[in-house]
Amino acid sequence: MLNIAPDTPYRISPAQRIYLDFLRAVAATMVMVEHGLEIFRIKSVSFLGISAVTVFFLLSGFLITVAACRRIYLPGPQLVPFMIDRTARIYTPYVPAIALAVAVNTLFSVGHWGQPGTNTGLGTIIVNLLMLEDYPLFQILARLTNNDSFRIHSYNTAEPFWTVSIEYWIYFAFSLAFFVGARKENITNPLIIFPIMIFVPVVIYSSFANAGQCLSLVWLIGSVFGYIFVITNRKSDYGVGRYYILVLVGLVGFAGRILKTGELTYELQTIAFIAMCLFGIFMILGANAGEWKFLSKPIVFVASYSYSLYLVHNTIMIVIYTQIVKAPSVGAMILACIFAHVFAYAFYLCFERHHYRVGAFMAAFLKNRPARSYVPRLG
């Protein structure tokens, strides 16, 4: 059904891997800079955040699809192991990041951040832990009642978390579609109905609404390119020349959309052209045997804690601004960005890098596989 042969050599080359790490590192830094400029009352530059979130969702769709395809011919059911991997990867630093935000908002007077609605209190903590912030049914209820208190957001200074919940439920939807729909696995546990009831509104709503307007579709575009990579990554039919054309078309189309609209927004045509450029370059690098050794170490280093940076930077920078700086300052913002990187790396060492252990514990707890057999997988 998926036209993926057992011997399909869809390996990501060293150059391609460094390129993906580079995109992750740059995207996380772009989000931090945009938020820093806003927090320090310097300037609003939304295109940085839009570009970064677009890259994150394109890469997520691409990598998750490649990781899922690698499980097609593994023995036994793969849905539960795959979701254990994803849940451990997302939640291991996510829960401590929520605790950090709650502690900061308890210890310091930082004010209200984010959109109108509810973003503090025990209810918000529970909603965030369940990945239900900005949940579609809450949004619809707020509109029907004209009551913003139903709009339950990320916990105050942890405003960037809204993308994490969308991405997590997309993972769930994709996993069911791939492993049950395409791999024909059977589900015997009736409790599966509960996550289905949660993710269906999220995936549908995020295709046309929410802050990202079309992030479900952005993720899907990345997934399509991931599938293309899997089925075409053979020496006999690689045809690197076609990807130069793809990049050229993407650049021309992107430039045309920006000239026409005058700004970068979550607009699907523009994002499709961005995807052509990003993944066209990725495929071209597949023909490059080089390893970029002179660049790999700093890129891999920053990329390793990029998720932690995404989770904690906003809280850290708000504390620095509200408790120390208290006035617009470019120099102070730069120093805050540097400190956010340092703190994020420490946060990574304490929490994020241990997600494999968390996954092993979850697997053993669910009796899906013994903890000692847990091995890291791409994704």
Side-chain angles (χ1 to χ4, degrees), residues 2-5 8-27 30 47-48 50-70 167 170 174 178 207 212-292 295-296 299 303 378-379:
L2 292 174
N3 192 33
I4 300 174
T8 299
Y10 44 99
R11 294 188 177 276
I12 296 178
S13 72
Q16 289 174 318
R17 192 175 298 279
I18 293 170
Y19 171 69
L20 294 177
D21 283 341
F22 172 77
L23 292 178
R24 288 168 54 203
V26 170
M30 287 170 65
F47 71 89
L48 289 176
I50 292 172
S51 302
V53 171
T54 297
V55 170
F56 280 138
F57 273 74
L58 288 173
L59 291 184
S60 176
F62 179 90
L63 288 172
I64 295 302
T65 300
V66 173
C69 288
R70 287 180 170 173
E167 193 168 6
I170 289 176
F174 170 81
F178 187 90
S207 69
Q213 300 299 317
C214 58
L215 289 181
S216 294
L217 300 179
V218 176
W219 198 96
L220 183 60
I221 291 174
S223 179
V224 169
F225 275 100
Y227 178 66
I228 291 172
F229 168 68
V230 167
I231 65 174
T232 63
N233 192 25
R234 303 185 184 93
K235 291 183 179 179
S236 61
D237 63 357
Y238 195 78
V240 69
R242 74 185 75 167
Y243 298 113
Y244 282 101
I245 298 174
L246 183 67
V247 173
L248 179 61
V249 172
L251 287 172
V252 172
F254 176 75
R257 291 301 302 169
I258 296 300
L259 290 173
K260 179 178 177 60
T261 61
E263 60 180 347
L264 179 63
T265 61
Y266 290 111
E267 187 265 329
L268 207 56
Q269 282 180 276
T270 305
I271 290 172
F273 289 125
I274 292 175
M276 291 180 189
C277 296
L278 294 184
F279 294 119
I281 293 172
F282 173 84
M283 297 299 282
I284 290 170
L285 289 173
N288 187 336
E291 297 186 17
W292 297 6
L295 289 175
S296 61
I299 291 175
L378 176 67

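Since the structure is predicted, the reported quantities are computational estimates derived from the model, not experimental observations.
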In Å, rounded to the nearest 0.5 Å, how long is the span from [atom1] of [X] to [atom2] of [Y]?
X    : Y    : atom1 : atom2 : result
S207 : L217 : OG    : CG    : 5.0 Å
L20  : L59  : CG    : CG    : 6.0 Å
R257 : I274 : CZ    : CD1   : 11.0 Å
F273 : L278 : CZ    : CG    : 13.5 Å
I64  : E167 : CD1   : CD    : 7.5 Å

Evaluate the side-chain proximity of [Y] to [X]: yes if any heavy-atom separation is below 4.5 Å, no if none is.
X    : Y    : result
F229 : Q16  : yes
M276 : V247 : no
I271 : F254 : no
F47  : E263 : no

query = Can you list the residues that meet the side-chain hydrogen bond (donor to acceptor under 3.5 Å, both in side chains) rule with T65, with sequence neighbours excluded?
reply =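 Applying side-chain hydrogen bond (donor to acceptor under 3.5 Å, both in side chains) to T65 gives S223.
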task = State which residues pass side-chain hydrogen bond (donor to acceptor under 3.5 Å, both in side chains) with S216; sequence neighbours excluded, sorted by chain then number.
result =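 For S216 there are no side-chain hydrogen bond (donor to acceptor under 3.5 Å, both in side chains) partners, ignoring immediate neighbours.
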Audit row: L246, R242, side chain to side chain contact (heavy atoms under 4.5 Å, CB included) steps and yes/no = CA-CA 6 Å; L246 183 67; R242 74 185 75 167; over 6 Å; no
task = Check the angle between the aromatic planes of F279 and F225 and answer parallel, tilted or perpendicular using the 30° and 60° thresholds.
result =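 Plane angle under 30°, so parallel.
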inquiry  = side chain to side chain contact (heavy atoms under 4.5 Å, CB included), that's the test. Do F62 and V66 meet it? Break it down for me.
reply    = CA-CA 6 Å; F62 179 90; V66 173; 4.1 Å; yes
For the student: nearest non-hydrogen atoms of [X] and [Y], plus distance:
X    : Y    : value
R70  : I12  : NH2-N, 4.0 Å
L215 : I170 : O-CD1, 4.3 Å
F57  : V218 : CB-CG1, 3.8 Å
C277 : G250 : SG-C, 3.3 Å

key: Which residues share a ring pair (Phe, Tyr, Trp, His ring centres under 6.0 Å) with F174, sequence neighbours left out   =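 With neighbours one apart ignored, the set is F178, W219.
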task = Could you tell me whether the side chain of R24 and the main chain of A303 form a donor-acceptor pair under 3.5 Å?
result =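 Between the backbone of A303 and the side chain of R24 there is a qualifying donor-acceptor contact (under 3.5 Å).
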request  = Check step by step if side chain to side chain contact (heavy atoms under 4.5 Å, CB included) holds for L285 and Y243.
outcome  = CA-CA 10 Å; L285 289 173; Y243 298 113; over 6 Å; no
query = Above 12 or not: heavy atoms from other molecules or residues under 6.0 Å from OH of Y266?
reply =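 Atom OH in Y266 is crowded, with more than 12 foreign heavy atoms closer than 6.0 Å.
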